[in-house]
Amino acid sequence: ILCVFLTAFFAYKLEHESKHCNGKGFQRPGSSCFDRVYTANQNCGHAYPTFLAVLWCAGLLCSQAPAAFAGLMYLFVRQKYFVGYLGERTQSTPGYLFGKRIILFLFLMSVAGILNYYLIYFFGSDFEIHIKTITSAISPLLLIP
């Protein structure tokens, strides 16, 4: 639901910039502000399928609470990236790097869940409690910029 609200906010900002630029349609050759909003919207839209896939896998295969926390942090970071992109392009870099770190965390959670499944299947060893403890301990470290 939060993804939908964030996407709606991005679309609203894009529509707002579109109305304030001269001309009709999406071809605005002299408007750098519109170009920045449009590019930020496209970048955020292209990242969501990957985010949703690793969020779903991490929550299903590893632990739901740290995955949900990381998902909320990712949405906050994408908002920061989008707003930073409206200013100077260098202002969006921290949000971009922070988002990559969260995606990496979710990906590693997914890999840990898959490895645990195969350890159970082949060796009968279950490390689920240890993995949940580690991911719960590491997830607050995502707050460090």
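Taking the ring-ring contact (aromatic ring centres under 6.0 Å, His included) definition, one finds that Tyr96 meets it with nothing, sequence neighbours left out. Applying the side-chain contact (heavy atoms from CB on, under 4.5 Å) test to Val83 and every residue at least two apart in sequence or in another chain returns Gln79. Shown here are the side-chain contact (heavy atoms from CB on, under 4.5 Å) partners of Tyr121, two or more places apart in sequence or in another chain: Tyr117. In this structure Ala47 satisfies the side-chain contact (heavy atoms from CB on, under 4.5 Å) test together with Tyr74, Arg78, sequence neighbours excluded. The side-chain contact (heavy atoms from CB on, under 4.5 Å) check on Phe122 picks up Tyr118, with sequence neighbours excluded. Legend: residues meeting ring-ring contact (aromatic ring centres under 6.0 Å, His included) with Tyr81, ordered by chain and number and at least two apart, are Tyr85.
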- Begin with the C-alpha distance, continue with both residues' side-chain angles, and end with the deciding distance and a verdict on side-chain contact (heavy atoms from CB on, under 4.5 Å) for Leu106 and Phe51. CA-CA 9 Å; Leu106 289 171; Phe51 162 67; 4.2 Å; yes
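The side chain to side chain donor-acceptor pair (under 3.5 Å) pairs that include a residue from residues 48-71 number zero, where partners must be two or more places apart or lie in different chains. Listed by first then second residue, pairs satisfying side chain to side chain donor-acceptor pair (under 3.5 Å) with a partner in residues 102-114 number zero, not counting sequence neighbours. For residues 111-131, the salt bridge (charged side-chain N to carboxylate O under 4.0 Å, His left out) pairs, not counting sequence neighbours, are Glu128-Lys132.
Formation of a donor-acceptor pair under 3.5 Å by the Ser139 side chain with backbone atoms of Ser136 is found in this model.
Rounded to the nearest 0.5 angstrom, Met109 CE and Thr135 OG1 are separated by 4.5 Å.
The closest side-chain heavy-atom distance from Phe76 to Leu72 is not below 4.5 Å.
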